Structures are given as C-alpha cells and as structure tokens.
Amino acid sequence: MENNLGNQTRLMAFDCMRLAKPDVRRGPNWEYLPKRALIQQPKPSEKEALRRLLSRRIPPGPTYIELVEEIWGRGYEVYVVGGTVRDVLAGQQAHDVDLVTTMPIARLRPLLKTMFRDEIGGSDENGYARLGGKGVHGDPFIDLKLFCHGDSGTPDALFGADFSLDVSHRDFACNSVYYDPINEVLIDPTGRGISDAEKMLLHVVCDPQLRRPASVGQVSLRYFKFLLRGFQPTAATRKAIEERFIPCLSALTDADRLGYIKRQIFGKLAASEHADAKARLEAAVKSCTVTGLWNECFEPICGEMCT
C-alpha cells in the first residue's frame, strides 16, 4: 500500500486502513439498484409493527434497533429482511427479526461479543451469526447474515454488499424485501416482492446455478412450506420448481431432508397441529407433476416428521 508520502508498505491487517476522504461517502447500496426495483415507505401500521419488533430486547439485554445503530454507526449497512418483512407486509404476526448486513463477519463477531457478552453461534462459511433465545420457544434472537455473493456454505464463500446477488441466493420475491430501519423505507430489488407478500404469491428468484444442489433442494421444501401457509405460486414458478429445484432433493440425505422439514414446517406448530400439517404436506407434494415424488423423497421419513 502507498501512503500519502509516496512510500510503499505492507499492512498487517485491514484494520490499519482509513478512508482517504472519510467525509465523502459512496452512498447507500440502494442507490445502485436495478431499474425494476422499488423504494417506498411502509404504511403507518407496517412502520409501527416494525418499530415494535426492533424495540424488543435480545437476551441478555440490548435491543435489535440498538444493534442496528451500532452497525450503522461503524459505516456498514444493515437491513431487516426475509420472513420478518414478509409477515408484516402480509398483516401477519412476525415472531423473530432477520437482519442482513454489509459488515464482515470478522468485525461482526467482536461487536456482538462486546454488546451481548454471550457466546456467538452461527457459521462463517454460511455467513451468519446467531445470538439469543431459541426461536422454537418464542424467545427473541438475532439471525444476522451477510450479503451473499457466492459459494455460501463452502470455504470459498464470498460475501459483499450487492442487492441483486443477495436476492439470487434467496428463494422467493416475497422474502426478498429489505427494510432500512434507519431511513424507514422498504427496498424491493425485484419490483414485485412487496406486492407478492401482500397478495401471498410466490415468484421464485433463486438462481439454481449459483447454489449448491442441496441448497436448491431446500428451496423446493420451502416451496411446500409456503403452499401449506396459503401462498399461491405463479405458473412459471410451479414449472421452475418442478423442473429445476425438486430434482435436487436427491442431493439431500434422508436425515438432512427430515431435519429441514421438521425445522421449516413442524418447528413452530403445536403438537396438535402436526397430523393435519403432514396430511396437507402429502397432498401438496402429490399435486406436483413429478412422478413418484412423495414415495421417493417423503414416504421413507414420514413416520418421523412429527416426533
């Protein structure tokens, strides 16, 4: 690296670097969204619901919004995303808060450790940190992820700050709406996510070529989860799921498939609801045009789904 005197030196860490012009910022990521993207204010009721969620405390003390402000104050961006925003837009109760940030995991973990004085879970290769209670018990927790650019879940994982690349690693447009809690605006990179969440529609946005086969197979399981919740797929999404995503279920072992189904479909249901959910799952799977899908991928683990 060359300093202001023209001398070159080798830095031992990126933390030694400083901005040449700290008062001149590139601007927020949402200035570089694709043309189809939407940026709009939430409705007053939605804004209030999001404020309430962000004001909740995460064991052992600080609130979500306090964490957001700490990350933002360090020059990084952080957004509420995923099921949190989807449920608020759909007028449903959101149980937890999912956050995505541009802050590298190496800087994120020390911050979380300082703020919460607790052990930090998660995975560097998958680009996320988890802190707080267990979601299945209804306790608040942080599920803080990085903007994904590629190879998530591998030693070559790449994370950054690009909305379009992050969206291509998500599943459906309704889960790809970002809420900026500092400026209190909704950011919809696909241009259809807000409407889809409100109308409970499914448009697949995941690029299967950028994901590992097992991750692509998981998207098809999430597809069935949303069918059980009353979401309706477009004809193009149904076709894509059946032709490009369901075949990747074979990349998941029976144990992996069972664990994912239990977490995604049965995890937040009362025991009294399990039998009905299993029957509706079977009906949804058998409604696909993929021959023998239930018998091959679901029947072998059916007896353990509700245990």
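All residue numbers in this chain count up from 1 along the given sequence. Computed from a predicted structure; not experimentally measured. FYI, side chains are in, hydrogens and waters are out, and symmetry mates aren't considered; it's all heavy atoms of this structure.
- Side-chain contact between Leu249 and Ser220 is present, with at least one heavy-atom pair separated by less than 4.5 Å.
- Side-chain contact between Leu258 and Asp254: absent, with no pair of heavy atoms (C-beta onward) separated by less than 4.5 Å.
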Glu184 vs Lys47, side-chain contact (heavy atoms from CB on, under 4.5 Å): CA-CA, chis, key distance, verdict: CA-CA 7 Å; Glu184 296 188 313; Lys47 186 181 293 187; 3.8 Å; yes
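- Between Arg109 and Ser123, the shortest heavy-atom distance links the atoms NH2-N, 3.8 Å.
- Contact of the Asp87 side chain with the Gln93 side chain is not registered, since no non-hydrogen atoms from C-beta on lie closer than 4.5 Å.
- Every residue meeting the ring-ring contact (aromatic ring centres under 6.0 Å, His included) condition with Phe231, not counting sequence neighbours, appears here in chain and number order: Phe226.
- Trp294 is linked by a ring-ring contact (aromatic ring centres under 6.0 Å, His included) to Phe298, counting only residues two or more places apart in sequence or in another chain.
- A salt bridge is defined here as a Lys NZ or Arg NE, NH1 or NH2 lying under 4.0 Å from an Asp or Glu carboxylate O, and Arg86 with Asp196 fails to meet this definition.
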Any chance you could lay out the side-chain contact (heavy atoms from CB on, under 4.5 Å) test for Arg107 and Tyr76, step after step, and finish with the verdict? CA-CA 11 Å; Arg107 290 171 172 78; Tyr76 300 100; 3.1 Å; yes
Could you go through the side-chain contact (heavy atoms from CB on, under 4.5 Å) check for Val85 and Leu186 one step at a time? CA-CA 9 Å; Val85 181; Leu186 294 166; 4.0 Å; yes
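- Using a 4.5 Å cut-off between side-chain heavy atoms of Ile, Leu, Val, Met, Phe, Trp and Tyr, with links allowed through other members, Val290 and Leu252 fall into the same hydrophobic cluster.
- By the rule that hydrophobic residues join a cluster once side-chain heavy atoms approach within less than 4.5 Å of another member, Leu50 and Ile71 end up as members of one cluster.
- Asp188 and Arg192 are not joined by a salt bridge, as no carboxylate oxygen comes within less than 4.0 angstrom of a charged side-chain nitrogen.
- Judged by distance alone, with hydrogens and angles left aside, the side-chain atoms of Asn183 form no donor-acceptor pair with the main-chain N or O of Val185 at under 3.5 Å.
- Leu210 and Ile241 fall into different hydrophobic clusters, where Ile, Leu, Val, Met, Phe, Trp and Tyr residues are linked whenever their side-chain heavy atoms come under 4.5 Å apart, directly or through other members.
- Nearest heavy atoms, Tyr260 versus Arg222: OH-CD, 3.2 Å.
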Arg211 vs Asp207, test: salt bridge (Lys or Arg N to Asp or Glu O under 4.0 Å). Steps then yes/no. CA-CA 7 Å; Arg211 304 281 293 270; Asp207 185 344; over 6 Å; no
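- Scanning all heavy atoms of the two residues, the minimum distance from Ala161 to Thr102 falls at CB-CG2, 3.6 Å.
- Within the 4.5 Å cutoff, side-chain heavy atoms of Glu77 are placed close to those of Trp72.
- Hydrophobic clustering keeps Tyr79 apart from Tyr128 (ILVMFWY residues linked when any side-chain heavy atoms are closer than 4.5 Å, directly or through intermediates).
- Annotation: side chain of Tyr223 is in contact with side chain of Phe172 (closest heavy-atom distance under 4.5 Å).
- The backbone N or O of Cys206 sits nowhere less than 3.5 Å from a side-chain atom of His169 that would complete a donor-acceptor pair.
- Side-chain N or O atoms of Glu46 include one that pairs as donor or acceptor with a backbone N or O of Lys43 at under 3.5 Å.
- Leu227 places a side-chain heavy atom less than 4.5 Å from the side chain of Pro233.
- In this structure, Phe245 and Val204 have side chains that are in contact, with non-hydrogen atoms separated by less than 4.5 Å.
- In terms of heavy atoms, Ala251 sits closest to Pro213 at CB-CB, 3.7 Å.
- In the hydrophobic clustering of this structure, Val216 groups with Leu202; members are Ile, Leu, Val, Met, Phe, Trp, Tyr whose side-chain heavy atoms approach within less than 4.5 Å, directly or through other members.
- Within 6.0 Å of atom NZ in Lys113, more than 12 heavy atoms from other residues, nucleotides or ligands are found, so the atom counts as buried in its surroundings.
- Other residues, nucleotides and ligands contribute more than 12 heavy atoms inside 6.0 Å of the CD atom of Gln40.
- Enclosure of atom NZ in Lys225 by more than 12 non-hydrogen atoms of other residues, nucleotides or ligands within 6.0 angstrom is indicated.
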Between Phe266 and His274, does the ring-ring contact (aromatic ring centres under 6.0 Å, His included) criterion hold? Intermediate values first, please. CA-CA 7 Å; Phe266 296 96; His274 285 181; 5.4 Å; yes
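- More than 12 heavy atoms of other residues, nucleotides or ligands shown are found within 6.0 angstrom of CD on Gln92.
- Checked by atom type and distance alone, the side chain of Gln264 never pairs as donor or acceptor with a backbone atom of Ile261 at under 3.5 Å.
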Run the side-chain contact (heavy atoms from CB on, under 4.5 Å) test on Leu89 and Ile194 for me, step by step, so that the C-alpha distance in whole Å, both residues' side-chain angles and the decisive distance to 0.1 Å come before the verdict. CA-CA 7 Å; Leu89 293 175; Ile194 294 174; 4.3 Å; yes
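- Between Glu282 and Lys286, at least one side-chain N (NZ, or NE/NH1/NH2) sits under 4.0 Å from a carboxylate O, which counts as a salt bridge.
- Gln41 CD: 12 or fewer foreign heavy atoms inside a 6.0 Å radius.
- The shortest non-hydrogen separation linking Ser250 to Pro247 is OG-O, 3.0 Å.
- What you find for Cys288 and Glu242 is that their closest heavy atoms are CA-OE2, 3.5 Å.
- Between the side chains of Tyr178 and Asp166, at least one donor-acceptor pair of N or O atoms lies under 3.5 Å.
- Not one N or O on the side chain of Glu198 forms a donor-acceptor pair closer than 3.5 Å with the backbone of Ser195.
- The main-chain N or O of Ser176 is never found under 3.5 Å from a side-chain atom of Arg170 such that the two would form a donor-acceptor pair.
- Put simply, the side chain of Asn175 does not reach to within 4.5 Å of the side chain of Val81, judged on heavy atoms.
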